[in-house]
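Structure record follows, encoded as structure tokens.
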There are 2 protein chains.
Amino acid sequence: MEPRTLQLMELQTQQQMELQAQQPTEEGGSIQAAGSSANTPIRPTNNRWTPTLDQLRILQELYYDKVLKSPTPEQIQEICLHLQQYGQIEGKNVFFWFQNLKARER
Amino acid sequence: MEPRTLQLMELQTQQQMELQAQQPTEEGGSIQAAGSSANTPIRPTNNRWTPTLDQLRILQELYYDKVLKSPTPEQIQEICLHLQQYGQIEGKNVFFWFQNLKARER
DNA sequence: GATCTATGAATGAACG
DNA sequence: CGTTCATTCATAGATC
């Protein structure tokens, strides 16, 4: 499979990021497991992870500005830890995110 | 095709605001060069690609007759190039067309 | 012209 | 790492 000549999929042509209004609710800070509501989940799906706007912004900054295309496990861990304040996220999510973006950049 | 129940999409909900600055390398910039050729798509809409009858016929022939389910990037490029004489089309359109048909066949 | 359906597009996850 | 799968979002076009 030769991918060289393909320039498909503009990276983030139109990220479906609905700026859903922040729930002004005052619910307690109890951690919601894989649920969704406390930390701006963005998408109503429960199964797969979706970055919050803040997470996405940071990830893109790392990728494009800092030119970090393939983070090491340590970096992944570090990034993940940092992003957790913006919503639920695991190391593998970070890993996949970078891997996918890199693969689709061409 | 599997008849799946569509979830109601509130109009207000899907206001997708492009938060991020548009990447200057957007293919959407070039509108289909003044159609009015022989094989104009059903409508001169810029938004999403829709195959012309000829394009569709060829794609289906490749998929069903030639049993080409997952074209390689070269094949995609080749197909795309061939189909361009029947209307505007990009590599990613071909790519998605095959991916979608294959995914929905099961 | 509102609703429904087929299908283009996107992307997280996983495979070989 | 390139490719493939799964699921979802978005919308063109048909139908009512």
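Below, read A as the first sequence line, B as the second, and so on, with proteins coming before strands; counting in each chain starts at 1. These numbers come from the heavy atoms of this one structure, side chains and all, not from hydrogens, waters or symmetry mates.
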Check this for me: does the side-chain of B:Asn100 come within 3.5 Å of the base of C:dA9 through a donor and an acceptor?
yes
Any B:Asn47 side-chain N or O less than 4.0 Å from OP1/OP2 of C:dG8
no
Between D:dT7 (P) and A:Trp49 (CH2): distance, integer Å:
19 Å
Starting from P on C:dA6, measure out to CD on B:Glu105 and report it in whole angstrom.
16 Å
Is a donor-acceptor contact shorter than 3.5 angstrom present between the side chain of A:Arg48 and the base of D:dT8?
no
A:Arg104 CZ - D:dC5 P separation (whole Å):
13 Å
Report the distance from atom CD1 of B:Ile89 to atom C1' of C:dA9, rounded to the nearest whole Å.
14 Å
Taking OH from B:Tyr63 and C1' from C:dT7, how many angstroms apart are they, rounded to a whole number?
14 Å
OP1 or OP2 of C:dA9 sitting under 4.0 Å from any side-chain N/O of B:Lys92?
no
If I take atom CG from residue A:Asn100 and atom CZ from residue A:Phe95, how far apart are they, to the nearest 0.5 angstrom?
9.5 Å
If we ignore hydrogens and angles and just use 3.5 Å, is the side chain of B:Glu61 paired with the main-chain N or O of B:Lys66 as donor and acceptor?
no
Closest heavy-atom pair, A:Ser70 versus A:Lys102, reported as atoms and distance to 0.1 Å, is OG-NZ, 2.7 Å
Parallel under 30°, tilted from 30 to 60°, perpendicular over 60°: which one fits the rings of B:Trp97 and B:Tyr63?
perpendicular
Taking C:dG8, D:dT4, D:dT3 as options, the one with an atom nearest any side-chain atom of B:Pro73 is D:dT3
Send over the distance from A:Phe98 CZ to D:dG2 P, rounded to a whole Å.
17 Å
Euclidean distance, atom CD of residue B:Gln60 to atom P of C:dA6 [Å, nearest integer]
15 Å
Working to the nearest 0.5 angstrom, can you tell me the gap between A:Leu62 CG and A:Lys69 NZ?
11.5 Å
What's the closest nucleotide to the side chain of A:Asn93 if the choices are C:dG8, D:dT4, C:dA13?
C:dA13
Over how many whole Å does the gap from A:Phe96 atom CZ to D:dA6 atom P extend?
15 Å
Does the side chain of B:Lys102 get closer than 4.0 angstrom to OP1 or OP2 of D:dT4 through an N or O atom?
no
Which listed nucleotide (C:dC15, C:dA13, D:dT7) is nearest to the side chain of A:Gln99?
C:dC15
